[in-house]
Amino acid sequence: MDDYAPVMTPEDLSVAVRECVLALQAEGALGGQPPAEVVIERPKNRDHGDYATPVALTLAKSAGRPPREIAALVAARLDGVAGVAEAEVAGPGFINIRLAADAQGALAGQVVESGADYGRGSLLAGRRVNVEFISANPTGPLHLGHTRWAAVGDALARVLAAAGAEVSTEFYINDRGVQMDRFGASVMAVAQGRPVPEDGYHGAYITDLAASIVAEHPEFLALPEDEQLVAFREAAYTLQLAQQQQVLELFRTHFDTWYSERSLHDSGAVERGMERLREQGHVFELDGATWLRTTDFGDDKDRVLIKADGEMTYFASDTAYYVDKRTRGFDTAIYLLGADHHGYVNRLRAVAACAGDDMDVSVEVLIGQLVKMMRDGEEIKLSKRAGTLITLEELVEEVGVDAARYSLIRYPVDSPLTLDLDLLVQRTNDNPVFYVQYAHARIASVLRNAAESGIDWRTAGYDPALLVHEREGELLRALAEFPAVVASAAELREPHRVPRYLESLATAYHRFYDACRVLPRGDEPTEPIHLARLWLCAATRQVLANGLTMCGVTAPDRM
RNA sequence: GCCCCCGUAGCUCAGGGGAUAGAGCGCCGGUUUCCGGUACCGAAGGUCGCAGGUUCGAAUCCUGCCGGGGGCGCCA
């Protein structure tokens with residue numbers, strides 16, 4: 001495996017085409033703006049070659065020549081490039097390119113050698129990124145609204161890391177304020193055998209919390225009322241937070257930092273944040289309150305930091321928290337928020353600007369639309385009051401972690417999403433996660449069979465020039481796309497591109513498998529083509545596994 | 001009133017300025033002596049909400065309108 005032909009990936013091809021253009025321009029054969037980057041497409045129509053580039057069309061204007069003329073020049077030069085079998089002008093000025101079989105087939109070897117690293121890149125190298133998501137009150141179980149973020153936030157972090165960013169995930173614990181007191185009061189009331197206060201929390205979990213706290217600390221009930229409230233509040237907080245953490249662990253969503261709002265206040269970070277804003281000159285006093293002039297930076301109204309009664313607003317905490325993140329060395333703070341928080345976008349951006357940062361770089365807010373659920377063809381109405389709130393845990397129990405995560409990640413976050421529970425448990429093609437996992441399991445099975453037949457494909461190596469079948473080419477080009485998919489998913493903060501890609505890769509594999517026999521039949525001898533196809537299988541398995549891992553979904557060898 | 005999101009096949013939805021707009025489901029019809037048929041192939045099905053604009057080129061970018069969903073706090 002050390003003397004196979006050099007690989008020609010789409011990225012390589014883009015560079016090669018650009019070099020052709022630059023050379024022509026340097027020689028004076030072609031005018032116009034030197035292209036910063038050359039677009040390479042994978043044409044849908046096979047008559048248009050393996051790859052195509054519209055570079056001549058984009059160059060035509062600045063070069064002052066017809067696109068087809070430019071395309072002819074570039075194509076002629078491209079014909080001599082190693083790994084390019086053919087380059088021809090088509091249509092209004094596209095250049096259709098066909099790769100040499102060995103240059104395309106060599107990718108399988110590269111993928112297998114790269115292993116888990118294939119797909120990783122350096123697009124975001126050097127960027128320190130904080131991804132904050134969920135950030136629920138520790139006053140109850142995580143529900144469906146949090147679950148989308150648990151999946152998407154985690155996948156986003158993995159995708160950003162794959163693109164080279166230094167990523168840290170963070171959960172902001174809202175453990176301060178009246179909600180906590182209401183929570184504590186609710187648990188205490190139940191423990192005392194009294195009804196929950198009108199403005200309290202009503203779920204059955206409150207009863208469970210009260211019961212386990214009383215079992216552990218019967219002495220709490222003897223405390224004076226105010227001390228008792230604190231005791232129950234703190235004990236319930238500890239239990240509930242642990243429950244959230246445990247469920248998220250189960251959901252394979254890992255947080256590097258659990259950041260307590262209390263610690264933000266206790267550490268003096270709030271004062272430091274306030275100081276930073278005063279230095280920047282955007283803080284002012286009015287009507288006895290202290291304000292931040294966020295309207296200087298596109299917010300529709302100024303915001304109160306300290307109320308006239310001297311109390312900090314929630315906004316003050318948010319602001320200090322942002323400054324704290326920056327102080328901890330993050331270049332970018334990404335926030336994943338629900339649609340009900342879209343009003344926060346301009347506010348957070350303005351906060352960054354008020355702190356002296358570039359709000360287009362330092363803050364990014366992703367707004368997610370709501371999640372609905374269906375069962376038996378009918379929408380499940382979710383209501384806190386009616387107690388039909390679905391928790392993360394219940395969803396996992398019903399459909400499993402893989403199906404839940406995959407189907408939540410599969411859609412752009414800014415589009416509303418309806419989970420069909422009946423579909424998610426189906427082990428059929430209708431269920432995309434099974435379709436992709438099945439492809440992985442199928443390949444694993446082929447590789448197992450190869451090993452059992454004593455075919456040691458890995459040490460035997462392969463001849464990449466043998467992968468000339470149409471379906472082999474399709475599959476190789478699909479594999480070649482993966483790094484660009486990961487890069488764009490990271491750059492655009494759109495992790496859904498990964499599962500969508502995996503589905504197309506699974507299709508390409510099934511099509512290949514359907515048309516190309518991998519293992520020798522019966523007692524046929526092992527031919528070079530079998531080895532080449534085994535490498536192709538192994539490469540596909542690797543990319544499916546890498547992509548599924550990026551989604552936090554397992555890649556099973558058997559199903 | 002102001003702000004955000006959405007409008008693409010019968011349904012659920014992909015589609016970062018490129019050639020003849022795609023997938024799954026559903027419907028109709030096919031494919032297997034042997035590697036996982038939980039697969040594959042084919043057919044039918046579209047004024048990409050409407051109207052302008054930018055461009056060599058628009059589902060994609062811009063403006064306006066129509067339709068649907070969500071949101072506005074000296075609350076936390």
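Every chain is numbered from 1, with letters handed out A, B, ... down the list of sequences. The basis for the numbers below is simple: all heavy atoms, side chains too, and nothing from hydrogens, waters or symmetry mates.
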Compare the minimum distances between each of [options] and the side chain of [X], then state the nucleotide with the smallest one.
{"X": "H510(A)", "options": "A76(B), G18(B), A39(B)", "answer": "A39(B)"}
{"X": "Y513(A)", "options": "A19(B), C35(B), C74(B)", "answer": "C35(B)"}
{"X": "W291(A)", "options": "G22(B), G18(B), C74(B)", "answer": "C74(B)"}
{"X": "A339(A)", "options": "G73(B), G70(B), G16(B)", "answer": "G70(B)"}
{"X": "P412(A)", "options": "A39(B), G15(B), A19(B)", "answer": "G15(B)"}
{"X": "K307(A)", "options": "C74(B), G36(B), A39(B)", "answer": "C74(B)"}
{"X": "E41(A)", "options": "G73(B), A19(B), G36(B)", "answer": "A19(B)"}
{"X": "A289(A)", "options": "C74(B), G73(B), G16(B)", "answer": "C74(B)"}
{"X": "P54(A)", "options": "G18(B), C74(B), G16(B)", "answer": "G18(B)"}

Practice problem: Please tell me which of L519(A) and L417(A) maps to the more 5' nucleotide of RNA chain B, matching each residue to the nucleotide holding its nearest heavy atom. | Solution: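 Taking each residue's closest nucleotide, the earlier one in sequence belongs to L417(A).
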Quiz prompt | 5′-ward residue of the pair G522(A)/E503(A) relative to RNA chain B | solution =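 Closest to the 5' end, via its nearest nucleotide, is E503(A).
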Would you mind reading off the distance between [X] atom [atom1] and [N] atom [atom2], rounded to a whole angstrom?
{"X": "L59(A)", "N": "G18(B)", "atom1": "CG", "atom2": "C1'", "result": "15 Å"}
{"X": "L502(A)", "N": "A14(B)", "atom1": "CG", "atom2": "C1'", "result": "14 Å"}
{"X": "K301(A)", "N": "C75(B)", "atom1": "NZ", "atom2": "C1'", "result": "12 Å"}
{"X": "R410(A)", "N": "C25(B)", "atom1": "CZ", "atom2": "C1'", "result": "11 Å"}
{"X": "D50(A)", "N": "A19(B)", "atom1": "CG", "atom2": "P", "result": "18 Å"}
{"X": "R303(A)", "N": "A76(B)", "atom1": "CZ", "atom2": "P", "result": "14 Å"}
{"X": "H341(A)", "N": "C72(B)", "atom1": "NE2", "atom2": "P", "result": "9 Å"}

Quiz item: In the 5'-to-3' direction, what one-character label does each nucleotide of nucleotides 3-9 of chain B receive under the scheme B = base within less than 4.0 Å of a protein heavy atom, S = sugar-phosphate only, - = no such atom?
Solution: BSSS---
Quiz prompt | CA sep, side-chain torsions, deciding dist, call: L502(A), L548(A), side chain to side chain contact (heavy atoms under 4.5 Å, CB included) | solution = CA-CA 8 Å; L502(A) 293 177; L548(A) 284 169; 4.0 Å; yes
Quiz item: Roughly how far apart are T554(A) OG1 and M559(A) CE, rounded to 0.5 Å?
Solution: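 One finds 8.0 Å between OG1 of T554(A) and CE of M559(A).
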Self-check item: From L421(A) atom CG to E398(A) atom CD, the distance as rounded to the nearest 0.5 Å
Solution: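 Going from the CG atom of L421(A) to the CD atom of E398(A) covers 5.0 Å.
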Is [X] salt-bridged to [Y], going by a charged N under 4.0 Å from an acidic O?
{"X": "E474(A)", "Y": "R511(A)", "result": "yes"}
{"X": "R517(A)", "Y": "D514(A)", "result": "no"}
{"X": "E88(A)", "Y": "R98(A)", "result": "no"}
{"X": "E311(A)", "Y": "R176(A)", "result": "no"}

Indicate, yes or no, whether a donor-acceptor pair under 3.5 Å links the base of [N] to the side chain of [X].
{"X": "R500(A)", "N": "G24(B)", "result": "no"}
{"X": "Y344(A)", "N": "A76(B)", "result": "yes"}
{"X": "N96(A)", "N": "A19(B)", "result": "yes"}

Quiz item: With side chains defined as the heavy atoms from C-beta onward, is the minimum distance between Y259(A) and L264(A) less than 4.5 Å?
Solution: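 In contact.
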Exercise. May I ask you to list the residues of residues 438-454 of chain A, by number, that have any heavy atom positioned under 4.0 Å from an atom of RNA chain B?
Key: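 Those residues are Y438(A), A441(A), R442(A), S445(A), V446(A), N449(A).
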Self-check item: Gap in Å between the two C1' atoms, one belonging to G17(B) and one to C62(B), rounded
Solution: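 It works out to 13 Å between them.
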Have a look at [X] and say if it touches a base, only the backbone sugar-phosphate, or nothing, with a 4.0 Å heavy-atom cut-off.
{"X": "H496(A)", "result": "sugar-phosphate"}
{"X": "E491(A)", "result": "base"}
{"X": "V518(A)", "result": "base"}

Think [X] has a side-chain N or O under 4.0 angstrom from the OP1 or OP2 of [N]?
{"X": "R182(A)", "N": "A76(B)", "result": "no"}
{"X": "K44(A)", "N": "A19(B)", "result": "yes"}
{"X": "Y501(A)", "N": "G15(B)", "result": "no"}

Restricting to side chain to side chain contact (heavy atoms under 4.5 Å, CB included), what partner residues turn up for [X], sequence neighbours left out?
{"X": "S453(A)", "answer": "I455(A)"}
{"X": "D47(A)", "answer": "N45(A)"}
{"X": "R68(A)", "answer": "V89(A)"}

Quiz item: Above 12 or not: heavy atoms from other molecules or residues under 6.0 Å from CD of E524(A)?
Solution: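 Yes, enclosed.
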Quiz item: Can you list every salt bridge (Lys or Arg N to Asp or Glu O under 4.0 Å) pair that touches residues 284-297 of chain A, not counting sequence neighbours?
Solution: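 Salt bridge (Lys or Arg N to Asp or Glu O under 4.0 Å) check on residues 284-297 of chain A returns R278(A)-E285(A).
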Quiz prompt | Sequence neighbours excluded - salt bridge (Lys or Arg N to Asp or Glu O under 4.0 Å) pairs with any residue from residues 497-510 of chain A | solution =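 Qualifying pairs: R410(A)-E503(A), E494(A)-R497(A).
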Quiz item: Name the stems with RNA chain B in them: runs of three or more consecutive Watson-Crick or G-U pairs, distances under 3.5 Å?
Solution: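 RNA chain B stems, ordered by first number: B:1-7 with B:66-72, B:10-13 with B:22-25, B:28-31 with B:39-42, B:49-53 with B:61-65.
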Provide a list of protein-nucleic acid N or O atom pairs under 3.5 angstrom, restricted to nucleotides 29-31 of chain B.
none

Quiz item: How would you list, by chain and number, every residue that makes a salt bridge (Lys or Arg N to Asp or Glu O under 4.0 Å) with E41(A), sequence neighbours excluded?
Solution: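 Testing E41(A) for salt bridge (Lys or Arg N to Asp or Glu O under 4.0 Å), a comparison that skips the adjacent residues, returns none.
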Is the [X]-[Y] ring centre distance short of 6.0 angstrom?
{"X": "Y438(A)", "Y": "Y435(A)", "result": "no"}
{"X": "H341(A)", "Y": "Y335(A)", "result": "no"}
{"X": "Y321(A)", "Y": "Y172(A)", "result": "yes"}

List every contact pair, protein side and nucleotides 54-62 of chain B side both N or O, where the distance is under 3.5 Å.
unit_1, atom_1, unit_2, atom_2, d
C56(B), OP1, K61(A), NZ, 2.9

Practice problem: Flag as yes if F434(A) stacks onto the base of U38(B) (centroids under 5.5 Å, planes under 30°), otherwise no. | Solution: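 Check failed, F434(A) does not stack on base of U38(B).
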For a quick test of your reading: what N or O donor-acceptor pairs under 3.5 Å do the side chains of residues 475-490 of chain A make, sequence neighbours left out?
unit_1, atom_1, unit_2, atom_2, d
R477(A), NH1, D50(A), OD1, 3.1
R477(A), NH1, Q104(A), OE1, 3.1
R477(A), NH1, G473(A), O, 3.4
E481(A), OE1, R42(A), NH1, 2.2
S488(A), OG, A484(A), O, 3.3
S488(A), OG, V485(A), O, 3.1

